[in-house]
Number of protein chains: 2
Amino acid sequence: MTQLDLDERRSTEPPAKLGRPLDVTRDADILDAALDVLAEEGFDGMTIDMVAARAKAGKATLYRRWPSKTELVIDAVACMKNSDLNFEDLPDTGTLRGDLVAMIKPPTIRDAEKKLRVMAGLISLIARNPELAEAARVAVIAPRAEINRTFLQRAIDRGEISPDVDIAMVSNISPSMVTYRTMMLAKPVDREFLISLIDKIILPSVGLGAAA
Amino acid sequence: MTQLDLDERRSTEPPAKLGRPLDVTRDADILDAALDVLAEEGFDGMTIDMVAARAKAGKATLYRRWPSKTELVIDAVACMKNSDLNFEDLPDTGTLRGDLVAMIKPPTIRDAEKKLRVMAGLISLIARNPELAEAARVAVIAPRAEINRTFLQRAIDRGEISPDVDIAMVSNISPSMVTYRTMMLAKPVDREFLISLIDKIILPSVGLGAAA
DNA sequence: AAGTTCCGAAACTAGTCAGTTCCGTATATA
DNA sequence: TATATACGGAACTGACTAGTTTCGGAACTT
């Protein structure tokens with residue numbers, strides 16, 4: 001069951017005729033709590049009681065809305081999609097380097113780090129749960145590369161870089177190295193690291209080595 | 001308790017005076033079984049019974065040798081160190097590209113993939129268990145970057161690339177992108193991908209874009 | 001106010017699994 | 001052969017947790 005399914009379910013029972021209506025904002029609170037616990041404990045370390053306590057809800061309430069722990073987590077991951085970056089207001093500075101540097105903002109970095117912590121808690125499951133894997137890919141993994149793809153395509157269109165650049169490969173450099181640095185090396189992803197990444201790896205790979 | 005501790009314990013009871021001696025090769029079988037299960041199920045999915053069954057051993061035997069599941073896993077990870085690549089016989093072809101390409105061998109790739117599957121099953125724990133994190137870093141993470149560092153240093157020494165190259169950054173490109181591709185994108189790491197990685201990302205980042 | 005529905009809290013069920021104990025057997029020394 | 005030791009297997013304990021049920025109360029509708 002996905003968030004969309006829930007919305008649908010509710011739209012078929014119009015504005016709720018009698019008694020207290022199902023509160024949609026309650027769903028969001030619970031999903032947020034689930035993400036917090038997930039980031040701190042991982043999937044197996046997370047218990048339904050933890051989530052209920054964090055959301056100040058009863059365990060029964062969670063089971064009234066989601067049929068199982070797994071479905072709750074899938075839904076939580078799917079709803080993690082656009083917590084920070086809106087695709088509409090991406091920077092457009094006129095240069096590839098300008099666009100990439102403009103993405104380095106503390107809130108964006110924090111958002112990415114939380115998502116990575118959630119991902120870390122899920123990875124061992126992803127190999128065995130295709131539905132969860134799909135939710136994670138759509139919500140977390142794809143958007144990061146998509147933004148880079150957009151920047152690169154713009155740069156090609158304006159003639160800044162060669163159209164022969166392997167966009168698929170280059171757009172994954174930053175997600176790969178940020179993820180590895182966080183999850184494997186446990187080192188901070190700070191502005192200095194990201195600037196180095198742009199100037200020493202990404203720009204040279206598109207032929208903007210010294211010209212930038 | 002580490003493998004070293006076990007060896008020590010055994011060396012203090014000389015060649016075992018009476019009865020059946022503790023069989024050191026039995027340890028290796030059990031640790032291998034643990035790695036197999038770990039790679040397939042992840043830490044939380046792995047049970048002691050599974051490991052015992054796979055090693056054709058009794059559960060009690062495992063607990064005679066390791067005090068807990070966690071210690072067993074830490075030991076297994078630590079022993080994963082040099083299953084394939086020996087630091088002595090690294091290729092030395094005379095060019096950076098030659099060295100990097102020479103590392104692309106099916107057995108090496110398979111070995112790396114298994115290690116990555118084990119890592120995937122551990123990541124959510126690594127954030128909460130420093131001892132395990134250290135074992136994983138020493139056995140899996142550090143060696144991969146170390147090899148690249150060696151190749152890069154050689155290239156600097158022979159004047160092939162500039163001494164200003166950020167070795168720490170460049171030596172992590174390949175581990176990062178291979179890990180991400182495997183764990184997040186669930187795409188195969190084949191020869192074609194690795195060649196592209198070398199020619200399109202790594203070599204340009206050290207100033208060998210077209211000259212190679 | 002009456003009726004309905006959802007709520008949080010808590011008790012409960014059932015299954016799983018880490019870790020322990022026990023036992024009959026196999027293998028080595030002496 | 002007698003003895004000591006570690007073995008595999010199986011039964012057991014205790015803790016934990018997913019999921020269910022129950023219940024009194026709160027909030028909304030009419």
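To find a chain, count down the sequence lines: A is the first, B the second, and so on, and within it residues start at 1.
- Nucleic acid contact for A/Ala60: base, since at least one base atom lies under 4.0 Å from a heavy atom of the residue.
- For A/Lys59 against C/dG8, no side-chain N or O and base N or O form a donor-acceptor pair under 3.5 Å.
- The distance between atom CD1 of A/Ile48 and atom C1' of C/dA11, rounded to the nearest whole Å, is 18 Å.
- A/Arg97 contributes no side-chain N or O that, together with a main-chain N or O of A/Ile198, makes up a donor-acceptor pair within less than 3.5 Å.
- For the pair B/Asp29 CG and D/dG8 P, the interatomic distance rounds to 10 Å; values are reported in whole Å.
- Rounded to an integer number of Å, the gap from A/Asp49 CG to D/dG19 C1' is 10 Å.
- With hydrogens and angles ignored, the 3.5 Å screen pairs a side-chain donor or acceptor of B/Arg137 with a backbone N or O of A/Met184.
- If you take CE of B/Met46 and P of C/dA18, they are 8 Å apart, rounded to a whole angstrom.
- Rounded to whole Å, the distance from CG on B/Asp44 to P on C/dT16 is 16 Å.
- In this structure, B/Arg26 does not reach the C/dT27 phosphate: none of its side-chain N or O atoms is under 4.0 Å from OP1 or OP2.
- Heavy atoms of B/Met50 sit nowhere under 4.0 angstrom from any nucleic acid atom.
- Panel note: side chain B/Arg181, backbone B/Pro188; a donor-acceptor pair is recorded below 3.5 Å.
- For B/Gly58 and A/Thr47, each mapped to the nucleotide of DNA chain D holding its nearest heavy atom, the one lying further toward the 5' end belongs to B/Gly58.
- The nucleotide whose nearest atom lies closest to any side-chain atom of A/Lys69 is, among D/dC7, D/dG19, C/dG8, D/dG19.
- Of the candidate nucleotides D/dC7, D/dG19, D/dG9, D/dG19 has the atom nearest to the side chain of A/Ser68.
- In this structure a side-chain-to-backbone donor-acceptor pair under 3.5 Å is present from B/Ser196 to B/Glu192.
- B/Leu62 places its CG atom 14 Å from the C1' atom of C/dT20, with the value rounded to the nearest Å.
- Between the C1' atom of D/dT17 and the CD atom of A/Glu41 lies a distance of 14 Å, rounded to the nearest Å.
- Using a 4.0 Å cut-off, no side-chain N or O of B/Arg64 falls inside it from OP1 or OP2 of C/dG19.
- Rounding to the nearest 0.5 Å places CE of B/Met169 at 5.5 Å from CE of A/Met177.
- The A/Tyr63 side chain lies nearest to D/dG19 when the options are D/dG19, C/dA18, C/dC7.
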